[in-house]
Undergrad: 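Let me begin by handing over the structure; questions about it come next.
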2 protein chains.
Amino acid sequence: MSEKQSLYRKSLIKHLYFSGKLSCAELSVLTDKSLPHTARALNDLLEEGVIVESGLATSTGGRRPQVYSMKADFMYVVSVAMDQFITHISILDMANQVVGNIERVELNLLTNPQAIKELAQHLVLYIQKEGIPKEKIAGIGIGMPGFVDGLKGVNYSFFNGNGSNIINYVEGVTGLPVMIDNDSSLIALAEWKLGIARQRQNAMVVNIGWGIGLGMILDGSLFRGENGFAGEFSHIPLFTNNKICNCGKTGCLETETSLQVITGKAIEGLQQGRISTMKGLSTERLEESSRIIMDAAANGDKYAIELISDAAYHIGRGIAILIHILNPGLIVLSGRGAIAGRLWLAPVQQALNEHCIPKIAENIEIKISPLGFNAERLGAASLIMEHFDELPMHRKTKSLQMVS
Amino acid sequence: MSEKQSLYRKSLIKHLYFSGKLSCAELSVLTDKSLPHTARALNDLLEEGVIVESGLATSTGGRRPQVYSMKADFMYVVSVAMDQFITHISILDMANQVVGNIERVELNLLTNPQAIKELAQHLVLYIQKEGIPKEKIAGIGIGMPGFVDGLKGVNYSFFNGNGSNIINYVEGVTGLPVMIDNDSSLIALAEWKLGIARQRQNAMVVNIGWGIGLGMILDGSLFRGENGFAGEFSHIPLFTNNKICNCGKTGCLETETSLQVITGKAIEGLQQGRISTMKGLSTERLEESSRIIMDAAANGDKYAIELISDAAYHIGRGIAILIHILNPGLIVLSGRGAIAGRLWLAPVQQALNEHCIPKIAENIEIKISPLGFNAERLGAASLIMEHFDELPMHRKTKSLQMVS
DNA sequence: GACACTTATTAAAAATTTAATAGAATTATA
DNA sequence: TATAATTCTATTAAATTTTTAATAAGTGTC
């Protein structure tokens with residue numbers, strides 16, 4: 001099969017992966033090729049068992065189209081979702097379903113300079129254990145916090161930030177194609193391809209977590225900036241509060257709004273005698289504590305609601321800036337913090353009412369992500385599939401090797 | 001000639017317009033077509049007298065390539081550069097040179113609801129007067145301030161903002177293809193295609209004028225947002241100064257930095273006895289007054305320099321936000337205010353040092369536009385040429401008609 | 001039941017690329 | 001300094017890709 005044919009088939013596979021089911025006519029439009037051409041490629045894929053016919057779609061006033069979908073077990077993607085403390089590894093099939101077990105690894109990115117080496121070791125073992133043949137794995141997508149240059153394969157914020165090429169290293173050890181990106185960008189990618197921002201041309205995905213991340217869909221594609229650093233929403237100067245941010249500056253959005261800060265404020269407030277149902281908070285156990293606060297807020301605890309509302313209002317001020325600069329059609333609140341759901345909406349909307357020019361704000365939708373914790377996992381897999389039709393078909397792969 | 005051939009030739013023309021001179025090999029890369037295919041089209045264009053051979057380029061280690069360029073009189077573009085008070089109309093040839101006269105028309109966009117009707121009348125007369133046959137005019141590009149939706153052809157800020165379709169109207173009257181866009185976007189387009197941001201993938205072009213405009217080049221194309229309103233840099237909330245902006249909100253960047261505000265401050269300061277060489281300032285004659293201030297600053301007047309430095313520092317704070325969100329590679333200071341040139345650079349740089357994370361700021365270049373007043377004119381022409389390979393070749397055109 | 005509309009398939013035509021070859025310049029080698 | 005090797009450009013012919021046009025097959029609407 002020629003390079004061109006192979007590329008076109010990969011493009012079809014990519015579209016079917018992200019859309020689930022598509023007709024030949026739809027694929028023809030999506031790939032910008034003629035119908036007979038698309039039909040031929042589709043029939044080939046059908047014969048080879050890459051895709052399956054999955055019924056007829058409803059008619060739109062003419063003959064009902066045959067729709068096709070990926071065979072779920074045709075191929076797999078390894079997804080790695082890292083945060084500063086915990087890394088989750090999983091394998092997804094062509095229907096975006098987790099197959100087998102999810103591995104949870106404790107990797108402290110800041111204090112452990114061996115984190116990438118350990119990750120690679122875990123990956124080799126995990127893939128062996130799960131028993132998926134390597135030829136069936138399209139690649140390994142990795143999401144991580146920090147300044148990530150996905151082209152150079154470098155994370156400047158962690159792993160000593162010494163500019164070493166993470167992609168090359170992990171590819172070398174695992175023998176599989178590897179792509180990396182910033183966690184917030186991947187969450188945006190997931191929301192755009194598989195979540196609530198599907199089909200949108202311009203969307204801002206705010207990742208409420210240990211910091212406030214931002215992933216952007218601009219003109220129908222994920223925007224990463226000149227060096228991959230776009231979306232540093234956490235550190236726009238928004239306050240004159242003289243609080244020192246962990247980036248070294250003062251007044252960053254993050255200093256008043258991240259889950260880490262909210263937890264700190266809650267503990268302080270309780271010590272000062274604020275009345276609340278919350279207990280057991282500790283800066284040592286951030287994950288648990290932020291959970292407690294959000295649950296309390298969801299259950300009507302006044303102080304918890306106040307804490308979240310304040311943070312939400314300030315995030316709203318930041319979003320107002322985004323709206324003026326980028327005129328998006330949709331704002332998505334995502335990330336672990338978004339679990340508190342509708343609690344965020346009113347204060348954010350309030351901030352927009354106060355700080356936006358009505359004309360530019362009037363067409364904006366604000367939505368809470370339904371993907372939740374799955375967002376980064378799906379994003380990491382999407383990263384591989386998003387570029388699936390760009391990789392050489394038969395990439396040279398060494399066999400899985402042990403790291404000594 | 002087939003539709004496809006025609007389209008490809010238009011694409012070649014577009015590239016030659018923006019680049020001046022190109023070899024067949026370069027065009028082949030730019031248009032993503034094979035060399036033989038490009039060569040054939042190029043030879044056709046040569047035979048028909050659309051393009052000319054213009055010498056051999058220097059060798060890069062092999063045979064020297066023949067370079068081609070547009071015949072300057074093959075086609076023309078009508079450029080309309082509007083600001084709130086004055087509109088300039090001109091005709092540019094395929095070498096971006098003004099041919100004939102530049103017409104200056106006083107059109108107050110805010111107070112004159114007939115402004116578009118008058119513009120259309122002026123256009124018809126102007127084109128007749130200049131004596132360029134209509135078949136040789138590719139179209140009319142119009143730049144204007146305000147919230148402009150270039151697809152719908154609507155300006156929501158002026159002309160009553162009643163949603164009437166400017167494009168349809170002017171096309172109807174002139175019988176020529178018309179495109180409209182926001183002035184700052186067009187300045188960015190000009191800087192990107194023909195100015196200091198040429199070849200850049202990600203650049204912010206700040207238009208220092210009666211307001212502070214922003215045009216953005218993102219991932220190698222002009223970004224306009226969901227409704228064409230992106231770049232409302234003037235109105236991001238950056239101050240707690242309680243000054244009411246003409247957008248109705250308080251604390252907008254514009255309330256401390258636009259030329260209008262600087263002029264106001266200067267008058268106030270002089271009344272309060274500040275020592276300065278400046279005289280004859282008046283809010284009535286904004287254009288003249290802002291000129292006086294910038295000249296004074298350029299000549300070392302301390303007060304004028306202070307005024308500009310203060311404004312520049314605050315613009316710098318705004319740019320710091322842009323940098324965090326969008327991670328551009330280049331910042332261009334353009335517009336009438338940029339004439340003060342290097343005076344702006346130091347305070348802007350100072351603000352970036354204070355407000356940017358070093359890692360994200362380290363690769364940023366800041367430059368002053370050399371295009372000056374020509375930027376919007378070139379941008380309006382570029383708007384037509386940028387979309388030249390999208391328009392149908394033989395658009396139905398009525399003959400020029402008089403407006404009664 | 002005629003008509004319009006959408007999908008599916010086939011054959012013919014057009015677009016586009018690949019491969020092969022020659023020309024013209026630079027760089028390397030002796 | 002001459003000569004060979006290499007690199008890049010230009011052109012031609014053959015092969016491939018891709019589209020257009022024509023036709024048939026289902027569906028909904030008037």
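Just so it is clear: chains get the letters A, B, ... in the order the sequence lines come, proteins before strands, and each one is counted from 1.
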Undergrad: Between B/H37 (NE2) and D/dT12 (C1'), how many Å, whole number?
TA: 15 Å
Undergrad: Report which part of the nucleic acid A/S2 touches: base, sugar-phosphate, or nothing (heavy-atom distance under 4.0 Å, all strands).
TA: sugar-phosphate
Undergrad: Toward the 5' end of DNA chain D, which comes first, A/R64 or B/L35, by nearest nucleotide?
TA: B/L35
Undergrad: Any side-chain donor paired with an acceptor under 3.5 Å for B/R377 and B/N374?
TA: yes
Undergrad: When you match A/E26 and A/K4 each to their closest nucleotide on DNA chain C, which lands nearer the 5' end?
TA: A/E26
Undergrad: Would you kindly compare A/N43 and B/Y8 by the position of their nearest DNA chain C nucleotide and give the one closer to the 5′ end?
TA: A/N43
Undergrad: Rounding to an integer number of Å, can you tell me how far B/D32 CG sits from C/dA15 C1'?
TA: 15 Å
Undergrad: In Å, rounded to the nearest 0.5 Å, how long is the span from CZ of A/F223 to CG of B/D219?
TA: 5.0 Å
Undergrad: Using whole Å, what does the distance between atom C1' of nucleotide D/dT9 and atom CG of B/L27 come to?
TA: 14 Å
Undergrad: What's the separation between atom CZ in B/R198 and atom CD in B/E191, rounded to the nearest 0.5 Å?
TA: 10.5 Å
Undergrad: What is the separation between atom CZ on B/R40 and atom C1' on C/dT16, rounded to the nearest whole Å?
TA: 8 Å
Undergrad: Write down the distance between CD (A/E3) and C1' (D/dT18), rounded to a whole number of angstrom.
TA: 18 Å
Undergrad: Inspect the contact between A/E48 and A/K71 and indicate whether a charged nitrogen and a carboxylate oxygen are less than 4.0 angstrom apart.
TA: no
Undergrad: Looking at A/Q66, I'd like to know whether one of its side-chain N or O atoms comes within less than 4.0 Å of OP1 or OP2 on C/dA8.
TA: no
Undergrad: Using a cut-off of strictly less than 4.0 Å, decide whether A/S59 has a side-chain nitrogen or oxygen near OP1 or OP2 of D/dG26.
TA: no
Undergrad: Would you please confirm or rule out a distance under 4.0 Å between OP1 or OP2 of C/dT17 and any side-chain N or O of B/S34?
TA: yes
Undergrad: Can you check the B/R9 CZ to C/dT16 C1' distance for me, whole Å?
TA: 17 Å
Undergrad: From C-beta outward on A/P36, which listed nucleotide comes closest to its side chain: C/dT17, C/dT9, D/dA24?
TA: C/dT9
Undergrad: Is the backbone N or O of B/L378 less than 3.5 Å from a side-chain atom of B/S382, with the two atoms forming a donor-acceptor pair by type?
TA: yes
Undergrad: Report the nucleotide, chosen from D/dT19, C/dA8, C/dA24, that has the shortest atom-to-atom distance to any side-chain atom of B/R63.
TA: C/dA24
Undergrad: Quick check: on DNA chain D, is the nucleotide nearest A/K33 upstream (toward 5') of the one nearest A/L56, or the reverse? Name the residue that is more 5'.
TA: A/K33
Undergrad: Is B/A25 touching bases, backbone alone, or none of the nucleic acid, heavy atoms closer than 4.0 Å?
TA: sugar-phosphate
